[in-house]
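Written below as structure tokens is the structure these notes are about.
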Number of protein chains: 2
Amino acid sequence: MKSKKRTTIYDIAEKLNIAPSSVSRALNNSSYVKESTKKLILQTAEELNYKMNSLASNLRKGQSKTIGVIVPRINQNFFSNVIAGIEDASYKQGYNLIICQSNESYEKEVQCVNTLINQHVDCIVISISVETINYQHLKNILDHHIELIQFDRVADELETLKVINDTLQASYEAVNHLITQGYKRIALLEGPQSLNIFRQRKEGYLQALKKHNMPVLNELMLENAWTKDLGAQATRKLLSLPNPPDAIFASTSDFSALGVLEVATAMNIKVPAQLGICGYSNEDFTEITSPSITTIDQFSVDMGKTIANLYFEEMKNTDVSATPKTISIKPKLITRSSTQRLTE
Amino acid sequence: MKSKKRTTIYDIAEKLNIAPSSVSRALNNSSYVKESTKKLILQTAEELNYKMNSLASNLRKGQSKTIGVIVPRINQNFFSNVIAGIEDASYKQGYNLIICQSNESYEKEVQCVNTLINQHVDCIVISISVETINYQHLKNILDHHIELIQFDRVADELETLKVINDTLQASYEAVNHLITQGYKRIALLEGPQSLNIFRQRKEGYLQALKKHNMPVLNELMLENAWTKDLGAQATRKLLSLPNPPDAIFASTSDFSALGVLEVATAMNIKVPAQLGICGYSNEDFTEITSPSITTIDQFSVDMGKTIANLYFEEMKNTDVSATPKTISIKPKLITRSSTQRLTE
DNA sequence: TTAAAAAATGCAATCGATTGCCGAAATTTA
DNA sequence: TAAATTTCGGCAATCGATTGCATTTTTTAA
């Protein structure tokens with residue numbers, strides 16, 4: 001292989017003195033090529049170290065066997081797990097993954113979408129950025145006849161395939177669990193309400209309170225506490241209230257919950273005795289803090305597999321009229337020491 | 001956009017009654033198109049919601065502006081951080097990323113390489129699987145005139161661009177630190193010796209012992225303890241020795257170190273007083289265990305950026321004869337409570 | 001042995017963008 | 001006003017694989 005150019009089917013054809021079309025057919029193991037010539041072609045391809053040019057093939061076939069994925073951050077546990085799941089399932093079907101991260105920026109998200117459209121991907125999988133409130137770019141995907149699957153953070157009003165967690169339910173169960181454990185004043189750390197998942201987590205909280213006839217106290221609901229530092233900051237504020245909460249549901253993330261725990265520990269407040277803490281996402285570390293943190297598992301790798309398989313299912317389905325499917329995965333409340341006040 | 005087909009430069013050309021070549025030139029903002037017509041073309045492209053077909057463009061230009069990345073697992077902190085770094089730097093240069101995971105399987109790694117060659121990527125970035133001991137597939141990448149960058153887990157004997165950590169040095173420093181803290185019998189949890197990084201970590205351990213004239217005890221070196229469970233298992237074995245170690249360097253990973261810590265805690269052995277523990281990788285959780293775990297930071301996101309930028313640098317460099325560069329990033333020892341026996 | 005059917009292969013257009021080359025138009029210079 | 005430049009824009013080939021249709025070869029049936 002010292003030549004400057006790659007081997008093409010023309011090289012193989014020339015060497016064997018046959019037509020390129022036959023080479024193509026043989027390589028695709030298709031109909032109507034004599035066994036003997038097929039074997040000869042395959043052998044020659046091997047010899048010449050032939051690798052097909054997917055660009056040419058895809059151009060001609062009008063499909064790329066590629067799935068584009070856009071997430072806010074690749075290196076965030078939940079997302080990297082989802083991606084791993086998508087990769088696993090896609091690979092088995094011979095599909096490749098092009099990955100982009102929006103960095104939580106609307107502008108970059110739009111650019112990512114455009115790149116993926118250019119790349120002629122067959123499907124785009126997206127979890128929108130916190131800034132995204134306009135969905136023109138997503139509609140544009142559909143206009144270009146590219147399958148669109150939203151997951152986790154989805155734009156409800158857009159009719160597309162969706163794979164989500166039953167966030168409301170999970171949130172409801174978490175708060176319900178806190179109430180069952182005897183906590184009376186439960187605070188909520190909210191995420192940006194522009195994202196539906198955070199709205200749902202709040203709604204679950206509200207529903208649980210209502211169910212138990214507990215008052216909704218505005219002073220106990222703090223927005224935008226979705227990092228460890230912001231969680232810590234919010235906690236300081238909450239705990240210095242004249243009538244502080246006896247439990248905090250960090251609905252935004254486990255990192256936020258970690259911030260809560262650190263502040264509580266620093267203030268010498270006993271968890272779970274004096275303060276209950278519940279996070280969200282089941283990050284690895286929640287198991288090993290002391291006390292370990294109650295949280296919610298989202299089955300992220302499975303979610304990824306579900307997403308990919310949803311696409312492959314949908315592919316077969318030529319029925320265009322069908323309403324876009326939404327798959328909801330039930331997350332699981334993992335109760336740990338940080339909320340275990342009763343010993344039953 | 002209800003038409004079945006995407007807008008092409010031919011559609012634009014036809015609508016404006018000019019040649020496709022002019023459209024192409026205008027779109028590429030290239031030479032020799034009158035300002036007025038250029039503006040007209042751009043405007044029409046916008047109107048028709050034109051998105052260029054990168055497949056066609058790349059085919060013609062013989063390059064894809066795409067970088068392929070192969071890692072053992074996408075959802076492993078170190079790798080997802082590196083990927084995030086690569087994405088960040090690549091995006092700025094207008095490059096896309098195709099991601100594959102080898103799942104630590106040699107066979108899948110080979111398949112990934114082949115796919116990426118097919119995809120005509122301009123560069124392949126790889127951290128080899130634990131099974132990989134044959135490098136024919138990597139040579140094949142070079143044969144196809146694709147730039148190859150190895151990182152972290154590299155095949156030393158293959159002359160390619162490399163981005164690595166100075167693992168030996170880091171390991172040496174870690175053990176040195178343990179010795180300075182007064183630990184006398186330091187055990188080593190080794191990773192698979194087929195991977196050079198694990199050989200180097202062991203070598204650093206050995207060199208540090210030698211430097212301080214400490215004996216090398218085979219009973220204190222256990223191979224294959226690179227998960228939490230295996231780390232725990234190894235620890236149980238070590239601590240039940242007639243003459244157990246007073247420190248354990250889990251050179252494989254922080255997860256392994258976590259296993260060590262859990263066993264020690266369960267056995268009521270005081271860390272760091274009775275047992276020192278040092279991990280590797282600076283996973284998030286090492287900061288929040290009690291006690292927090294001493295470990296080594298690899299600057300993974302930066303590593304990713306370095307990788308991408310190395311490629312872009314190399315691109316400019318038309319000098320083919322130059323020896324492949326190796327960039328070594330110095331990791332940093334993060335000393336925490338788990339080894340802090342002295343209070344100086 | 002010959003006609004009909006089936007199997008194998010070849011021809012040439014196609015996918016969409018790019019680009020070298022050439023000619024046309026516009027501009028400058030003499 | 002004519003000639004020489006310079007600027008624009010078009011033609012057509014090209015990248016490599018695929019595929020509908022035509023043609024040739026082989027096989028089967030009559």
Side-chain angles (χ1 to χ4, degrees), chain A residues 3-42 44-45 48-66 115 117-122 144-145, chain B residues 3-42 44-45 48-66 115 117-122 144-145:
Chain A
S3 68
K4 201 71 199 157
K5 312 186 79 30
R6 291 165 60 132
T7 309
T8 70
I9 55 169
Y10 295 98
D11 300 324
I12 299 175
E14 191 172 11
K15 175 150 187 188
L16 295 178
N17 214 10
I18 56 177
S21 45
S22 294
V23 178
S24 172
R25 282 191 264 255
L27 257 21
N28 288 298
N29 197 24
S30 105
S31 48
Y32 310 124
V33 186
K34 214 195 296 169
E35 255 333 295
S36 60
T37 45
K38 186 183 286 185
K39 187 173 280 179
L40 201 60
I41 290 170
L42 257 33
T44 311
L48 298 178
N49 195 10
Y50 168 80
K51 290 278 182 299
M52 90 144 162
N53 186 331
S54 300
L55 294 176
S57 171
N58 293 337
L59 172 61
R60 177 61 227 253
K61 293 203 280 200
Q63 54 135 260
S64 62
K65 287 221 162 202
T66 298
T115 316
I117 295 179
N118 288 349
Q119 291 290 333
H120 236 278
V121 296
D122 296 339
H144 284 273
H145 310 103
Chain B
S3 69
K4 200 74 201 156
K5 313 187 76 32
R6 292 164 58 131
T7 309
T8 70
I9 55 170
Y10 295 98
D11 300 325
I12 299 176
E14 190 172 13
K15 175 151 188 185
L16 294 178
N17 214 8
I18 56 177
S21 46
S22 294
V23 178
S24 172
R25 281 191 265 257
L27 257 20
N28 287 297
N29 198 23
S30 103
S31 48
Y32 308 124
V33 186
K34 213 195 297 168
E35 244 350 283
S36 59
T37 46
K38 185 183 290 186
K39 187 172 284 179
L40 200 59
I41 290 170
L42 258 33
T44 312
L48 299 179
N49 196 10
Y50 168 79
K51 291 278 183 298
M52 89 143 161
N53 186 331
S54 299
L55 293 177
S57 171
N58 293 337
L59 173 61
R60 175 62 225 248
K61 292 203 281 201
Q63 54 137 257
S64 62
K65 286 222 164 200
T66 298
T115 316
I117 295 178
N118 287 350
Q119 290 290 334
H120 237 278
V121 297
D122 295 338
H144 283 272
H145 310 102

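Given the structure is predicted, the values throughout are model-derived calculations rather than measurements.
Scanning both residues, Met52(A) and Arg6(A), for their nearest heavy atoms gives O-NH2, 3.6 Å. Closest non-hydrogen pair, Ser64(A) versus Val121(A), comes out as OG-CA, 3.4 Å. A pairwise comparison of heavy atoms in Thr7(B) and Tyr50(B) identifies O-CD1, 3.3 Å as the closest pair. Heavy atoms only, all atoms of each residue included: Ala26(A) and Val33(A) are closest at N-CG2, 4.0 Å.
Between the P atom of dT14(C) and the CG atom of Asn58(A) lies a distance of 20 Å, rounded to the nearest Å. Going from atom CD of Glu35(B) over to atom C1' of dG9(D) covers 15 Å, rounded to whole Å. In this structure, Lys65(B) places its NZ atom 15 Å from C1' of dA17(C), rounding to the nearest Å. Protein atom CD of Gln119(B) is 14 Å distant from nucleotide atom C1' of dG16(D), rounded to whole Å. Protein atom NZ of Lys38(A) is 12 Å distant from nucleotide atom C1' of dA8(C), rounded to whole Å. Rounded to whole angstrom, the span from the CG atom of Asp11(A) across to the C1' atom of dC15(D) amounts to 13 Å. Per the geometry, CG belonging to Asn53(B) stands 17 Å off P belonging to dG16(D), to the nearest Å. Ile41(B) has its CD1 atom 12 Å from the C1' atom of dG10(D), to the nearest Å.
Every residue two or more places apart in sequence or in another chain that forms a salt bridge (charged side-chain N to carboxylate O under 4.0 Å, His left out) with Lys15(B) is listed here: Glu47(B). Residues passing the side-chain contact (heavy atoms from CB on, under 4.5 Å) test with Thr8(B), sequence neighbours excluded: Tyr10(B), Asp11(B). In this structure, the side-chain contact (heavy atoms from CB on, under 4.5 Å) partners of Leu16(A), at least two apart in sequence or on a different chain, are Ile12(A), Ile18(A), Leu40(A), Ile41(A), Thr44(A). Listed by chain and residue number, Asn49(A) satisfy the side chain to side chain donor-acceptor pair (under 3.5 Å) test with Lys51(A) (two or more places apart in sequence, or in another chain). Evaluation of the side-chain contact (heavy atoms from CB on, under 4.5 Å) rule for Lys61(A) yields Ser57(A), Gln63(A) as partners, not counting sequence neighbours. In this view, Ser21(A) and Ala19(A), Arg25(A) satisfy the side-chain contact (heavy atoms from CB on, under 4.5 Å) rule, not counting sequence neighbours.
In this structure, of dA17(D), dG9(D), dG10(D), it is dG9(D) that holds the atom nearest to the side chain of Thr37(B).
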Provide a list of protein-nucleic acid N or O atom pairs under 3.5 angstrom, restricted to nucleotides 22-27 of chain D.
none

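Here the side chains of Leu42(A) and Leu27(A) are in contact, with some heavy-atom distance below 4.5 Å.
Along DNA chain D, the nucleotide nearest to Thr8(A) and the one nearest to Asn17(B) differ in position, and the one closer to the 5' end is contacted by Asn17(B). The 5' end of DNA chain D is approached more closely, in terms of each residue's nearest nucleotide, by Ile18(B) than by the other of His120(B) and Ile18(B).
Where the helix from dT1(C)-dA30(D) to dA30(C)-dT1(D) starts and where it ends, the local axes point in directions that differ by 40°; five pairs per end, rounded to 10°.
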Next on the checklist: Counting primed atoms plus P, OP1 and OP2 as sugar-phosphate and everything else as base, spell out the protein contacts along nucleotides 18-23 of chain C at 4.0 Å heavy-atom distance: B, S or - for each nucleotide, 5' to 3'.
Outcome noted: BBB---

